[in-house]
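Atoms considered below: every heavy atom in the structure, side chains included; atoms not considered: hydrogens, waters and symmetry mates. FYI, the numbering just counts along the sequence from 1.
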Amino acid sequence: MKITSYGINAMNAYKKQVRNVKSDTAKASFADKIEISKAAQEMQGVSTYGTERADRVQQLKEDIASGEYKVNARQVAEDMLKYYRF
């Protein structure tokens, strides 16, 4: 008995199937792209925040080590109340 298939299901699994796609569009369609928003670009440009913070932390460390750092107990208490009330 001989079975032959015609039409859409006629496919040989053992032969390499050929895609009919142009090579230029195939390469471009599989490429990843990244787009950075204007806000993110502006955030990358502001690098002074990190250096200012590092300077402030260093100053606080020096003040604590020398004993010159004074804690404002009233301000700490007010901030704690604000935190726990809201």
- Message: Any donor-acceptor pair under 3.5 Å linking the side-chain atoms of Gln59 with those of Asp55?
- Response: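 On atom types as modelled, these side chains do not qualify, holding no pair under 3.5 Å.
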Checklist entry - Can you get from Leu60 to Val76 by hopping between Ile, Leu, Val, Met, Phe, Trp and Tyr side chains that sit under 4.5 Å apart? => result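 Same hydrophobic cluster.
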* Asked: Hey, any chance Ile64 and Val57 share a hydrophobic cluster, counting ILVMFWY side chains that come within less than 4.5 Å of each other, even indirectly?
  ->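 Result: no, two separate clusters.
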Check your understanding: Stepwise, does the side chain to side chain donor-acceptor pair (under 3.5 Å) test hold for Gln75 with Asp79?
Key -> CA-CA 6 Å; Gln75 184 64 40; Asp79 290 341; 3.1 Å; yes
* Between Glu78 and Arg74, is there a salt bridge with N-O shorter than 4.0 Å? ->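 Yes, charged N to carboxylate O under 4.0 Å.
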Query raised in the report: Atom NZ of Lys70 and atom CD of Glu68: how far apart are they, to the nearest 0.5 Å?
Result: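 One finds 8.0 Å between NZ of Lys70 and CD of Glu68.
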